Amino acid sequence: MSGRLSGKTALVTGAGRGLGRACAEALAREGARVLAAARSQDELAEVAAFADGEIDAYPGDVTDDTFVAQIAALSPLDILVNNAGGNRPQPFIDVDTDSLDFIINLNVRAAFRVAQAAARAMLSSGGGAIVNMSSQMGHVGSPGRSVYCMTKHAVEGLTKAMAVELAPSGVRVNSVAPTFVETALTRPMLDDPEFKEFVFRMIPMGRLASVADVAAAVVYLASDEAASVTGHSLRVDGGWTAH
């Protein structure tokens, strides 16, 4: 522990598992008091048992109005990791309305409202840092991921607009854009040999990102080491988008 975030309070959404849990643990390891938000009480109990820092369970659903209002009332709030999101890969011509609405509602509408609520809390206490969890798919296109790509491009646009508007008030806004990371969400996709071959062919470094790789990027953007960084998308993609 280096204590880069000592004295800070951080909220991480989608913190019950995968990238969100790794981010919560990394922030806590650096000295932040972390509010780990997720819907699953069982997952949150496991995260809150983290021994190398302070993580408190903060149960809630990012699509719920009451939960969003709670975020706006947090004091203090220094860091938001706006991580909750999802995907339902489908060919473009086969995308059903239910999947379209689900992904847009979670990845765009909920992400916007959580960021807005967190910004309100930060503005009342003099500033902060927001890290939106984007994706390499916010910079490129890919087959079978039209809706996901659309939503992550929206996240990148939101990040830039927020950064410009909030900078004079001391709130920095950036995004982290990972390549494929082996988590419970992606494991079934990577079990398909053809898809796995495609992924590794597209990553010049020849390996998936780890949750630790992504969490390290989040910690950097949340810390004072990135004091002059805002409106940036930090791509943890092994070179995918450099093609």
Side-chain angles (χ1 to χ4, degrees), residues 11-21 23 37-40 43 59-69 71-72 80-119 130-163 173-192 194-196 198-199 202 208-209 214 233 235-237 240-241 243:
L11 171 67
V12 181
T13 64
R17 56 185 173 177
L19 286 178
R21 179 170 179 171
C23 290
R39 292 177 298 175
S40 170
E43 289 179 346
D61 184 338
V62 295
T63 65
D64 180 71
D65 290 346
T66 301
F67 182 67
V68 172
I71 295 172
L80 167 68
V81 181
N82 199 6
N83 170 72
N87 190 17
R88 293 180 182 177
Q90 293 175 305
F92 172 68
I93 60 171
D94 295 330
V95 172
D96 59 274
T97 303
D98 180 67
S99 295
L100 176 67
D101 291 345
F102 169 79
I103 301 169
I104 292 175
N105 188 46
L106 182 57
N107 290 5
V108 180
R109 187 177 189 275
F112 179 98
R113 298 192 69 224
V114 167
Q116 183 184 56
I130 294 173
V131 182
N132 292 320
M133 191 59 72
S134 181
S135 167
Q136 64 186 16
M137 298 304 173
H139 298 274
V140 296
S142 189
R145 283 165 171 74
S146 57
V147 183
Y148 187 75
C149 288
M150 175 175 68
T151 62
K152 291 305 183 179
H153 275 73
V155 168
E156 293 292 350
L158 172 63
T159 298
K160 291 179 175 65
M162 288 177 62
V173 188
N174 295 286
S175 67
V176 171
T179 187
F180 286 91
V181 181
E182 189 167 359
T183 65
L185 179 67
T186 62
R187 196 167 296 119
M189 307 175 198
L190 293 166
D191 284 341
D192 177 350
E194 183 178 352
F195 179 73
K196 185 174 182 179
F198 162 71
V199 167
M202 291 296 293
L208 302 176
V214 180
S233 179
R235 305 182 197 185
V236 187
D237 69 353
W240 183 304
T241 61
H243 282 283

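Keep in mind that what you see is a predicted model, and the values were worked out from it rather than measured.
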If every non-hydrogen atom of [X] is compared with every non-hydrogen atom of [Y], which pair is closest and at what distance?
X      : Y      : result
His243 : Met202 : NE2-O, 2.9 Å
Ala118 : Leu80  : CB-CD2, 3.6 Å
His139 : His153 : N-CE1, 3.7 Å
Val155 : Asn107 : CG2-O, 3.6 Å
Ala37  : Leu11  : CB-CD1, 4.0 Å
Ala177 : Glu156 : CB-OE2, 4.0 Å

Worksheet item: Where do Thr63 and Asp61 land on the side-chain hydrogen bond (donor to acceptor under 3.5 Å, both in side chains) test, with the steps shown first?
Response: CA-CA 5 Å; Thr63 65; Asp61 184 338; 2.8 Å; yes
Within this structure, what is the [atom1]-[atom2] distance for the pair [X] and [Y], rounded to the nearest 0.5 Å?
X      : Y      : atom1 : atom2 : result
Thr183 : Leu190 : OG1   : CG    : 8.5 Å
Leu100 : Met150 : CG    : CE    : 5.5 Å
Asn82  : Cys23  : CG    : SG    : 11.5 Å
Asn87  : Phe102 : CG    : CZ    : 9.0 Å
Cys149 : Gln136 : SG    : CD    : 9.0 Å

Discussion item. Using the side-chain contact (heavy atoms from CB on, under 4.5 Å) definition, which of the options Leu208, Thr241, Asp237 pairs with Thr179?
Written reply: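 The single option meeting the side-chain contact (heavy atoms from CB on, under 4.5 Å) with Thr179 is Asp237.
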Discussion item. Checking side-chain contact (heavy atoms from CB on, under 4.5 Å) between Val131 and each of Val176, Val173, Val12, Thr159, which is the one that passes?
Written reply: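 One option only clears the test, and that one is Val176.
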State, with a plain yes or no, whether a side-chain heavy atom of [X] is found less than 4.5 Å away from one of [Y].
X      : Y      : value
Ser99  : Gln90  : yes
Arg187 : Glu182 : yes
Ile130 : Met162 : yes
Tyr148 : Ser135 : yes
Thr151 : Ile104 : yes
Thr186 : Val181 : no

Worksheet item: For Phe198, does the CZ atom have more than 12 heavy-atom neighbours from other residues, nucleotides or ligands under 6.0 Å away?
Response: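 Counting other residues, nucleotides and ligands, CZ of Phe198 exceeds 12 neighbours.
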Worksheet item: Do other residues, nucleotides or ligands put more than 12 heavy atoms under 6.0 Å from Phe195 CZ?
Response: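 Counting neighbours around CZ of Phe195, more than 12 heavy atoms of other residues, nucleotides or ligands fall under 6.0 Å, so yes.
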Worksheet item: For the side chain of Lys152 and the backbone of Met133, is there at least one donor-acceptor N/O pair under 3.5 Å apart?
Response: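 Confirmed, Lys152 side chain pairs with Met133 backbone.
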Worksheet item: Has the side chain of Ser40 got a donor or acceptor atom that lies under 3.5 Å from a matching backbone atom of Glu43?
Response: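 Yes, Ser40 side chain to Glu43 backbone: donor-acceptor pair under 3.5 Å.
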Item to complete: Taking only Lys NZ, Arg NE, NH1 and NH2, and the carboxylate oxygens of Asp or Glu, determine whether Arg88 and Asp98 approach each other closer than 4.0 Å.
Response: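 Yes, charged N to carboxylate O under 4.0 Å.
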Worksheet entry | Verdict with reasoning, Arg113 to Asp65, per side-chain contact (heavy atoms from CB on, under 4.5 Å) | CA-CA 9 Å; Arg113 298 192 69 224; Asp65 290 346; 2.8 Å; yes
Worksheet item: Between Phe180 and Trp240, how do the two ring planes meet: parallel, tilted or perpendicular, split at 30° and 60°?
Response: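 If you compare the ring of Phe180 with that of Trp240, the planes turn out tilted.
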Item to complete: Take Asn83 and Thr13 through the test side-chain hydrogen bond (donor to acceptor under 3.5 Å, both in side chains) and record every step on the way to the result.
Response: CA-CA 5 Å; Asn83 170 72; Thr13 64; 5.4 Å; no
